[in-house]
Novice: 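Attaching a single structure in structure tokens format; questions to follow.
Quick note on labels: first sequence line is chain A, next is B, and so on, each numbered from 1. Model, not experiment: these values are computed from the prediction.
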There are 2 protein chains.
Amino acid sequence: MSDVVAIEAPAPDTAEPAASVYELIRDDIISGRLTANQKLIVADLAERFGTSTNPVREALHQLRGEGFVVMTPNRGARVRPMGADFIRDIYEIEVLIEPMLTRWFVRIATDEDIKIVEDLCVRMEQINYSDPPLHGELDTQFHHAMYHRHYNRHAVDLWWKHREILKAMSRRYPTSMARRVAVLKEHRDLLEAIKAHDEERAGAIVALHVEGSGKHIIGQMTTTPR
Amino acid sequence: MSDVVAIEAPAPDTAEPAASVYELIRDDIISGRLTANQKLIVADLAERFGTSTNPVREALHQLRGEGFVVMTPNRGARVRPMGADFIRDIYEIEVLIEPMLTRWFVRIATDEDIKIVEDLCVRMEQINYSDPPLHGELDTQFHHAMYHRHYNRHAVDLWWKHREILKAMSRRYPTSMARRVAVLKEHRDLLEAIKAHDEERAGAIVALHVEGSGKHIIGQMTTTPR
DNA sequence: ATTGCTCATTTTATGTACAAAATCGTCAAG
DNA sequence: CTTGACGATTTTGTACATAAAATGAGCAAT
């Protein structure tokens with residue numbers, strides 16, 4: 001009797017929670033496995049995911065609402081092209097939002113809060129781009145640690161959505177040596193401003209930081225053939 | 001996103017294009033006919049619109065993607081509550097975005113461009129709040145005239161989406177006398193700054209203008225019982 | 001040959017009907 | 001007051017029907 005129980009949960013949370021159709025398509029778009037303007041044919045996707053068409057149709061419509069997919073009546077869905085101009089648009093908005101979020105963090109940060117971002121900063125300096133994916137992950141955590149508790153959920157959600165797109169984008173292009181050292185320095189500068197509780201300076205540094213990242217990626221996008 | 005077409009504009013709106021289920025539900029949410037947190041039952045909506053369930057399901061998912069609807073697995077969709085905090089979130093973002101859009105307009109505006117916004121400004125002064133809905137319409141056109149050609153489509157779309165929410169919200173609450181005179185003055189000041197091609201001043205005025213509108217509505221929301 | 005057209009055929013999106021699974025509400029028993 | 005069973009409600013998934021659009025073969029005019 002007791003040997004038939006607990007078939008669920010073989011481990012805490014190691015097992016993936018069986019990604020939804022929505023997430024699968026979304027990841028395919030963001031990661032670039034689905035190319036710009038590619039047609040998203042409901043029947044094909046349904047077959048590929050082993051479901052019927054309705055889940056796909058619903059996922060597509062949600063993605064459309066989020067802007068990842070463009071739909072035209074009676075002619076279906078296409079992957080939203082995320083070219084250099086779109087990336088620029090996003091960065092221009094982030095240049096405004098991230099300083100706002102950062103200033104708030106500087107205002108409310110306790111010593112423990114600061115300790116967390118400092119640790120992340122140090123780890124990034126230690127690996128020194130030897131492991132780009134890990135650096136990217138730490139970079140995201142660095143900013144996330146500052147922003148995630150902000151009261152303006154709308155702003156944080158927007159930041160996160162943009163972040164996911166930009167993260168995926170920068171994964172497709174290399175980071176120049178010059179930019180690498182700049183990023184490390186900017187993070188360090190930001191950390192100092194935070195420690196000094198200098199709200200204005202921290203905001204200004206983040207603005208520069210975001211702008212620099214944006215300029216760099218767009219440069220890579222427009223020069224690299226791909 | 002950029003498929004958000006020109007629904008507004010002084011267009012020949014003779015024959016309605018038979019509003020889609022999506023638009024109907026969306027309008028019901030924004031206008032407040034559907035109240036906060038109200039359950040959106042697929043079968044009911046389908047019956048109300050005289051369609052089958054699939055169009056409703058797709059509309060709901062798009063709305064979810066746009067943030068107007070909140071869905072939880074196996075327990076359906078609810079109207080996203082748009083309380084004072086959410087409105088504050090939106091205004092805080094607009095305080096950043098609108099000045100950016102305005103500055104660009106000041107930079108590129110020709111005399112004809114300025115003429116258009118001036119006319120709108122004058123008309124608002126003439127009706128002097130005798131017709132609040134009309135004032136709201138002109139106000140939207142005033143800003144739209146400045147922003148709609150901006151190269152950052154993402155920012156413009158975001159502004160428009162926010163604008164629709166805020167327009168509907170302010171329609172539900174009265175505008176105080178003090179606020180009325182302030183709005184007229186701010187518009188006039190802005191116009192002068194534009195005419196003087198003073199980018200910085202125009203941006204600063206818009207920031208104040210948006211902030212003032214936000215503060216006012218939130219004040220109304222938190223004091224008026226409703 | 002190439003272009004541009006019609007028209008039948010196939011593909012695909014969109015709408016309807018129904019089945020399975022989950023949730024919610026109610027009410028009786030403890 | 002809480003628990004648990006059971007029926008009604010509602011969500012979620014599948015299968016199919018219809019209508020619109022893409023495709024491509026055939027053919028006439030340049």
Novice: Considering residues at least two apart in sequence or located in another chain, which fulfil the side chain to side chain donor-acceptor pair (under 3.5 Å) criterion with B:Arg48?
Specialist: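 Residues passing side chain to side chain donor-acceptor pair (under 3.5 Å) with B:Arg48: B:Asp28.
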
Novice: Holding to side-chain contact (heavy atoms from CB on, under 4.5 Å), I want the full list of residues that pass it with B:Ala36, two or more places apart in sequence or in another chain.
Specialist: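 B:Ala36 satisfies side-chain contact (heavy atoms from CB on, under 4.5 Å) with B:Pro81 only.
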
Novice: If the helix axis at each end comes from five base pairs, how far does the helix from C:dA1-D:dT30 to C:dG30-D:dC1 deviate from straight, to 10°?
Specialist: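 Terminal axis comparison yields 30°.
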
Novice: Going by heavy atoms closer than 4.0 Å, what residues in residues 40-57 of chain B are next to DNA chain D?
Specialist: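 Here the set is B:Leu40, B:Ile41, B:Val42, B:Arg57.
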
Novice: Going through the distances and angles, do A:Phe105 and A:His150 end up as a ring pair (Phe, Tyr, Trp, His ring centres under 6.0 Å)?
Specialist: CA-CA 8 Å; A:Phe105 177 73; A:His150 196 281; over 10 Å; no

Novice: Report the distance from atom CD of B:Glu58 to atom P of C:dA13, rounded to the nearest whole Å.
Specialist: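 That distance rounds to 11 Å.
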
Novice: I want to confirm an ordering. Mapping A:Pro73 and B:Asn74 to their closest nucleotides on DNA chain C, which one lands closer to the 5' end?
Specialist: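 Looking at DNA chain C, the more 5' nearest nucleotide goes with A:Pro73.
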
Novice: Going 5' to 3' along DNA chain D, between which two nucleotides do contacts with chain B fall, using a heavy-atom cut-off of 4.0 Å?
Specialist: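 Going 5' to 3' along DNA chain D, contacts run D:dT10 to D:dG13.
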
Novice: Taking side-chain contact (heavy atoms from CB on, under 4.5 Å) as the definition, give me every residue that meets it alongside A:Leu166, ordered by chain and number, with sequence neighbours left out.
Specialist: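 Applying side-chain contact (heavy atoms from CB on, under 4.5 Å) to A:Leu166 gives A:Ile87, A:Ile90, A:Tyr91.
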
Novice: Excluding sequence neighbours, so at least two apart, what forms side-chain contact (heavy atoms from CB on, under 4.5 Å) with A:Glu58?
Specialist: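 Result, side-chain contact (heavy atoms from CB on, under 4.5 Å) vs A:Glu58: B:Arg57, B:His61.
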
Novice: Please name all residues satisfying side-chain contact (heavy atoms from CB on, under 4.5 Å) with A:Leu24, sequence neighbours left out, ordered by chain then number.
Specialist: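 If we apply the side-chain contact (heavy atoms from CB on, under 4.5 Å) test to A:Leu24, skipping adjacent residues, the hits are A:Ala19, A:Phe49.
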
Novice: Residues two or more places apart in sequence or in another chain: which of them pass side chain to side chain donor-acceptor pair (under 3.5 Å) with A:Arg26?
Specialist: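 Result, side chain to side chain donor-acceptor pair (under 3.5 Å) vs A:Arg26: A:Tyr22, A:Glu164.
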
Novice: Who pairs with A:Lys167 by side chain to side chain donor-acceptor pair (under 3.5 Å), at least two apart in sequence or on another chain?
Specialist: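 A:Lys167: no side chain to side chain donor-acceptor pair (under 3.5 Å) contacts found.
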
Novice: Give the rounded distance in Å between these two atoms: CZ of B:Arg75 and P of C:dA22.
Specialist: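 Going from B:Arg75 (CZ) to C:dA22 (P), I get 13 Å.
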
Novice: Measure the distance from NZ on B:Lys39 to P on C:dT23 and round it to the nearest whole Å.
Specialist: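 To the nearest whole Å, that distance equals 12 Å.
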
Novice: Cut-off 3.5 Å, no hydrogens considered: what does the side-chain donor-acceptor table look like for residues 132-142 of chain A, sequence neighbours left out?
Specialist:
{"unit_1": "A:His135", "atom_1": "NE2", "unit_2": "A:Tyr129", "atom_2": "OH", "d": "3.1"}
{"unit_1": "A:Asp139", "atom_1": "OD1", "unit_2": "A:His143", "atom_2": "NE2", "d": "3.4"}
{"unit_1": "A:Asp139", "atom_1": "OD1", "unit_2": "A:His187", "atom_2": "NE2", "d": "3.2"}
{"unit_1": "A:Asp139", "atom_1": "OD2", "unit_2": "A:Arg163", "atom_2": "NH2", "d": "3.4"}
{"unit_1": "A:Thr140", "atom_1": "OG1", "unit_2": "A:Gly136", "atom_2": "O", "d": "3.1"}
{"unit_1": "A:Thr140", "atom_1": "OG1", "unit_2": "A:Arg163", "atom_2": "NE", "d": "3.4"}

Novice: Would you list the pairs meeting salt bridge (Lys or Arg N to Asp or Glu O under 4.0 Å) in which at least one residue belongs to residues 109-118 of chain A, sequence neighbours left out?
Specialist: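 Matches after skipping sequence neighbours: A:Asp113-A:Arg149, A:Lys115-A:Asp119, A:Glu118-A:Lys195.
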
